[in-house]
Amino acid sequence: MRRGCIAVGEFHCDGCGKLLKHPARYLAVEEKDGVEVDEGTVVRYCVDCCLEKSYAKYRSEKGESILTFLEVEPQSE
Ligand SMILES: [Zn+2]
């Protein structure tokens, strides 16, 4: 399960170790052995890691680039 969140306090990204602090956006994902599952260990990823893992993307709206966390499974090929 994925949840887009706003950081409260400070913590490190579980992907790259970057320090995240309020009001940074991050994504909480449940994973087991590095694979996304419904019930697993909650890991927190910064925006950069989310983009790298295709958990988030930018879309354009009224000329602005808006970050969207993808809360559904990406299509498998
Ligand atoms: Zn990161």
Side-chain angles (χ1 to χ4, degrees):
M1 194 186 78
R2 299 179 200 169
R3 264 191 328 272
C5 308
I6 302 286
V8 178
E10 296 183 355
F11 60 89
H12 292 273
C13 169
D14 288 313
C16 65
K18 185 164 83 178
L19 181 67
L20 297 174
K21 45 187 162 182
H22 184 80
R25 294 179 68 190
Y26 71 96
L27 190 71
V29 186
E30 288 188 57
E31 286 186 351
K32 190 173 185 181
D33 299 328
V35 178
E36 187 178 7
V37 293
D38 287 337
E39 283 187 50
T41 307
V42 175
V43 293
R44 297 173 294 188
Y45 290 123
C46 71
V47 169
D48 289 342
C49 288
C50 289
L51 289 169
E52 194 174 297
K53 291 171 178 289
S54 301
Y55 284 165
K57 66 172 183 179
Y58 283 103
R59 65 186 167 85
S60 296
E61 192 170 284
K62 295 171 189 162
E64 286 182 49
S65 199
I66 297 172
L67 180 78
T68 309
F69 287 123
L70 305 175
E71 305 208 349
V72 291
E73 290 275 49
Q75 299 275 323
S76 55
E77 317 215 321

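Along the sequence shown, residues carry numbers from 1. Just so you know, these numbers come straight off a predicted model, no measurement behind them. All ligand and atom numbering here is 1-based and tracks the order in the structure.
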In terms of heavy-atom contacts, E61 and I66 come closest through CB-CD1, 3.6 Å

Tally, protein N/O/S atoms nearer to the Zn ion (ligand 1) than 2.8 Å:
4

Would you say R25's side chain and G4's backbone share a donor-acceptor pair under 3.5 angstrom?
no

Does NZ or CZ of R44 lie under 6.0 Å from the centre of the six-membered ring of F11, at an angle within 45° of the ring axis?
yes

Nearest-0.5 Å distance, CG of residue L27 to SG of residue C5:
7.0 Å

Y26 versus C13: any side-chain heavy-atom pair under 4.5 Å?
no

Would you say the side chain of D14 lies within less than 4.5 Å of the side chain of V29, judging by non-hydrogen atoms?
no

